[in-house]
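To start, the structure itself, in structure tokens.
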Amino acid sequence: MRRRTQPPPAPLPQRRGVDPVRVRLPLEGAWATVREHLVARMTGAGPGAVEAMFHAGAVVGADGLPVAPDAPYRPGMFVWFHRELPPEVPVPFPVEVVYRDEHIVVADKPHFLATTPRGSHVSETLLARLRHDLDLPELGAAHRLDRLTAGLVLFTVRPGERGAYQGLFRDRRVHKEYEAVAPHDPELELPRTVRSRILKERGVLAAREVDGEPNAVTRVEIDGHRERDGLARYRLLPATGQTHQLRVHLNSLGVPILGDPLYPEVAPATAPGDFRHPLQLLARRLEFTDPLTGARHSFVSGRTLQAWTSPEEWWSGA
């Protein structure tokens with residue numbers, strides 16, 4: 001069995017909290033030069049973009065020195081470069097750091113801010129902001145929240161310790177509580193535990209429930225309701241972490257979360273700068289025993305759901 005080669009450390013610094021792109025040249029290929037491979041690989045970069053990077057000395061090897069445009073192709077070689085980041089609309093909400101020590105950072109994420117770089121969200125992400133603001137370039141996410149969900153996210157300070165904290169989530173040793181605002185159904189019997197099999201297909205926006213052994217488990221409780229607007233506040237206790245799990249389960253109960261653009265139906269995409277009507281879902285609490293220090297942690301978000309605390313503002317989009 002071939003042992004995987006460990007990549008060298010990145011010779012380029014981060015930009016705005018974003019790592020440089022690392023490319024390992026395939027072990028097999030018919031390219032004569034490194035440049036030819038990157039041209040073939042980066043078809044979406046635009047005509048002449050790769051050539052311009054080479055002539056600017058922006059593609060470097062493990063020694064940090066620029067790779068020449070005619071440098072021969074070497075299978076297994078690592079190269080790094082910074083991609084040109086497309087303009088992103090700033091998410092105009094602050095990030096609150098709830099807790100920080102030598103091992104972890106716990107942040108209170110606002111709605112609309114992605115947890116980690118993905119797709120069109122690169123610099124406008126929670127990870128990039130924290131790396132830059134806290135001067136912690138090696139900060140990594142131990143888990144993720146959907147971009148539209150607000151609340152608590154756990155990060156690790158040292159890459160070598162990340163696996164220990166990710167294991168807490170994998171082994172279900174983290175107590176997570178969420179809060180949601182959705183329609184009130186007086187005939188819905190709560191509390192109850194919802195179990196189903198959720199399938200999220202690549203390239204499809206919404207997940208769906210299918211037949212089969214359950215892979216998603218959520219306890220749903222009601223935490224008050226209002227007659228005047230027919231809304232209720234729900235307390236959600238997920239035992240698993242499937243994509244969109246809480247949104248899918250509340251929708252399956254007939255009470256889709258307010259502001260959800262995917263459930264029960266996929267809504268037309270909004271403009272990038274439209275921050276009205278945020279999804280009314282909040283990761284309220286995180287509790288766990290620190291795998292390195294043995295300390296018992298309990299963190300609570302300081303955020304509130306606008307449709308519950310200020311319904312007139314939420315409906316008006318203020």
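Atoms considered below: every heavy atom in the structure, side chains included; atoms not considered: hydrogens, waters and symmetry mates.
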Do [X] and [Y] have side-chain heavy atoms sitting under 4.5 Å apart?
| X | Y | answer |
| --- | --- | --- |
| F275 | V91 | yes |
| L279 | F112 | no |
| E209 | S252 | yes |
| Q280 | W314 | yes |
| V106 | V153 | no |
| L281 | L236 | yes |
| V34 | L25 | yes |
| V39 | H37 | no |

Minimal non-hydrogen separation, [X] against [Y], with atom names:
| X | Y | result |
| --- | --- | --- |
| L237 | R235 | CD1-NH1, 3.8 Å |
| A216 | H249 | O-CE1, 3.5 Å |
| W308 | G224 | CH2-O, 3.7 Å |
| L148 | P261 | CD1-CG, 3.5 Å |
| Y165 | A142 | CB-CB, 4.1 Å |
| G294 | T289 | O-CG2, 3.6 Å |

Does the pair V67 and F81 meet the rule for a side chain to side chain contact (heavy atoms under 4.5 Å, CB included), with working shown?
-> CA-CA 10 Å; V67 177; F81 55 87; over 6 Å; no
State the [atom1]-[atom2] distance between [X] and [Y], to the nearest 0.5 angstrom.
| X | Y | atom1 | atom2 | result |
| --- | --- | --- | --- | --- |
| H103 | T293 | NE2 | OG1 | 6.0 Å |
| M77 | L27 | CE | CG | 14.0 Å |
| H143 | T115 | NE2 | OG1 | 7.5 Å |
| D229 | R226 | CG | CZ | 4.0 Å |
| T240 | I198 | OG1 | CD1 | 7.0 Å |
| S301 | E179 | OG | CD | 8.5 Å |

Give a yes or no on whether [X] and [Y] share a hydrophobic cluster (residues Ile, Leu, Val, Met, Phe, Trp, Tyr; joining criterion: side-chain heavy atoms under 4.5 Å apart).
| X | Y | result |
| --- | --- | --- |
| W31 | V23 | yes |
| Y178 | L253 | yes |
| I104 | L136 | no |
| L152 | V174 | yes |
| F93 | L126 | yes |

So, are [X] and [Y] salt-bridged, with charged N and O less than 4.0 Å apart?
| X | Y | value |
| --- | --- | --- |
| R131 | D19 | yes |
| E213 | R197 | no |
| R284 | E177 | no |
| R247 | D260 | yes |
| R208 | E201 | yes |
| R192 | E221 | no |
| K176 | E287 | no |

Flag yes if more than 12 heavy atoms outside [X] fall under 6.0 Å of its [atom1] atom; otherwise flag no.
| X | atom1 | result |
| --- | --- | --- |
| R83 | CZ | no |
| R173 | CZ | yes |
| D171 | CG | yes |

Which residue pairs pass the side-chain hydrogen bond (donor to acceptor under 3.5 Å, both in side chains) test with at least one member in residues 49-71, sequence neighbours excluded?
-> none
Knowing that exactly one of D185, V181, I222 qualifies, which makes a side-chain contact (heavy atoms from CB on, under 4.5 Å) with V255?
-> D185
Residue from L246, V194, V220, V217 passing side-chain contact (heavy atoms from CB on, under 4.5 Å) with P238 | L246
Within the 3.5 Å criterion, strictly below it, is a donor on [X] or [Y] matched to an acceptor on the partner's side chain?
| X | Y | value |
| --- | --- | --- |
| H111 | T149 | no |
| T116 | R144 | yes |
| E161 | T156 | no |

Is the backbone N or O of A114 less than 3.5 Å from a side-chain atom of K109, with the two atoms forming a donor-acceptor pair by type?
-> no
Does E313 offer a backbone N or O that forms a donor-acceptor pair with the side chain of S310 under 3.5 Å?
-> no
Could you pull out all residues at least two apart from Y99 that satisfy ring pair (Phe, Tyr, Trp, His ring centres under 6.0 Å)?
-> H297, F299
Apply the test side chain to side chain contact (heavy atoms under 4.5 Å, CB included) to residues L65 and V60: give CA-CA distance (whole Å), side-chain angles for both, the deciding distance (0.1 Å), then the verdict.
-> CA-CA 5 Å; L65 299 177; V60 305; over 6 Å; no
Tell me, with the steps shown, if R35 and M53 meet side chain to side chain contact (heavy atoms under 4.5 Å, CB included).
-> CA-CA 10 Å; R35 179 184 58 80; M53 289 167 51; over 6 Å; no
For P214, all residues meeting side chain to side chain contact (heavy atoms under 4.5 Å, CB included), sequence neighbours excluded | R195
Take V59 and V50 through the side chain to side chain contact (heavy atoms under 4.5 Å, CB included) test and state the conclusion after the steps.
-> CA-CA 9 Å; V59 181; V50 173; over 6 Å; no
Give the intermediate values and the outcome of ring pair (Phe, Tyr, Trp, His ring centres under 6.0 Å) for residues H244 and Y263.
-> CA-CA 10 Å; H244 297 178; Y263 308 96; 5.7 Å; yes
